[in-house]
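Please read the structure below before turning to the comments.
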Number of protein chains: 2
Amino acid sequence: MAHRKLDREQIIEQALKTLGKSNSFSDFSLRKVATDLQVDVSTLYWHFKNKQEILQAMAEAIIAQVKLPNQQLEWTVQLKQLFSNIFDIYEQYPLAAILMVETIPSSLVRLQLIDRTIAIMTNAGVDEQTAHIAATSIDFLLTGLVIDLMIENRFRQQITTQQDQNLAGHVKKIRELAQTHHLEHMQASIKMRNQFSAKQQFEKGLDLIIDGLKQHTH
Amino acid sequence: MAHRKLDREQIIEQALKTLGKSNSFSDFSLRKVATDLQVDVSTLYWHFKNKQEILQAMAEAIIAQVKLPNQQLEWTVQLKQLFSNIFDIYEQYPLAAILMVETIPSSLVRLQLIDRTIAIMTNAGVDEQTAHIAATSIDFLLTGLVIDLMIENRFRQQITTQQDQNLAGHVKKIRELAQTHHLEHMQASIKMRNQFSAKQQFEKGLDLIIDGLKQHTH
DNA sequence: ACCTGAACACCGTTCAAGT
DNA sequence: ACCTGAACACCGTTCAAGT
């Protein structure tokens, strides 16, 4: 293709689409993005310094979509709404959570988001230190659950479509070990995972942390 | 080298050492493990099916080192001791946390660990559902913090040893953005990260979740 | 049974060369 | 200013061949 077509925005847009098509994060490559753009890989290196910079821009584009809750609302409602929004976006871009882990939160949008999260708590009377660790905890819980969810879905796909005996073996093994070694709580956990959606589990975890926070408010 | 030397145990032992020498998880490769073992890469494929299986065995070897707390102790003490032990092991093998994320917990040792964690809570009167989500939350908080810690250390190293302007730029940018956009809580967070160790932060997060759990016990 | 060597299909990154 | 093509140094994985 001739020149004078591409800009950074178009590259990031396609990169997010290409990431969406990928089965895993290691499946995602700049060469595939370039192919989808009908362009040589090396072209990307004129617009971006390296892969890390592209991932950074992708993460930024995703976080920019997060809608902040109304500040008039009660603080627990604000927290729940905010992270519910983030959860929904992560579900839309299933690999976005990994993107956040792989990337440094040095963009303004991401810093503002962290700042706002802490502000919600301190405005409710929580001390700065507790608010900081609570924000971190909620963030890790969210990304952890989404990554888990994604891995599970990938496995489910691989097992059904490609009949991957290896992965099917793992799932079977977990159930069997739980039974033969009488890991009763493990068995209950497996049931729970099937009974509640990842979002419901996240909400319960968030509630738990909020319960803890309430003891630090006054 | 001639044959009749290697076994799975030796490979995993060296793999953990090679992982320890790696600056990042993507830096770690089977080819490097093979070189350290003075053996051809393809040799590893006689002992293991693929890379995933090797990672799985590595994760298992690490978790096997976790010491379980005395069951006579009070439940909050048991929880704190258990996760303090896990934290210390993760600090010893800085990339172990990523290993856990990349890997399915289908080994007996890991399942037993999860089961035991939940058991500590249910024995204290916490319902099965809350105990399950709390165990998950604590686990994600721990791995999240350790991964963060590791990334930070890697950056610090790269900045000082290789004068990586790119990474130094990120750190500087965060401070600057926090100042110019008056992200006061963000500034306080940066201070706190320097003031408290990752372990101390984890302990505070754990305390928060325990505070939440106490409301579910009776 | 255990290991090697070569090959394959992938990566990210660089750089001289084109328009 | 923007893009290509070829090259480089890496990957994981397979497989015929050696001992």
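Letters A, B, ... mirror the listed sequences (proteins, then strands); counts begin at 1.
When the nucleotides dC3(C), dT13(C), dC3(D) are ranked by their closest atom to the side chain of Tyr45(A), dT13(C) comes out on top. Among the nucleotides dT4(C), dC11(D), dG5(D), the one closest to any side-chain atom of Thr43(B) is dT4(C). When distances are taken from the side chain of Asp40(A) to each of dT13(D), dT4(C), dG5(D), the shortest belongs to dG5(D). If you check dA7(D), dC2(D), dG12(D) against the side chain of Trp46(A), the one that comes closest is dC2(D).
A 4.5 Å side-chain heavy-atom check between Ile86(B) and Leu113(B) finds at least one atom pair inside the cut-off.
In this structure, NZ of Lys32(A) is placed 15 Å from P of dA9(C), rounded to the nearest angstrom. Spacing between atom CD1 of Ile11(A) and atom C1' of dC2(D) amounts to 11 Å, rounded to whole angstrom units. Distance, Lys49(B) NZ to dT14(D) C1': 14 Å, rounded to whole Å.
With respect to the salt-bridge test (charged N to carboxylate O, under 4.0 angstrom), the residues Arg31(B) and Asp36(B) do not qualify. The residues Lys67(B) and Asp88(B) are annotated as not salt-bridged, no charged nitrogen and carboxylate oxygen being separated by less than 4.0 angstrom.
Proximity of Ser42(B) to the phosphate of dT4(C): no side-chain N or O atom is located under 4.0 Å from OP1 or OP2. Dashed line: the shortest gap from a side-chain N or O of His47(B) to OP1 or OP2 of dC3(C) is under 4.0 Å.
Nucleotide dA17(C) is matched to nothing when pairs are restricted to Watson-Crick or G-U wobble geometry with both distances under 3.5 angstrom. Nucleotide dG12(D) forms a pair with dC8(C), judged by Watson-Crick or G-U wobble geometry with both contacts under 3.5 Å.
Within the 4.0 angstrom heavy-atom criterion, only backbone atoms of the sugar-phosphate kind lie near Ser29(B); the bases stay farther away.
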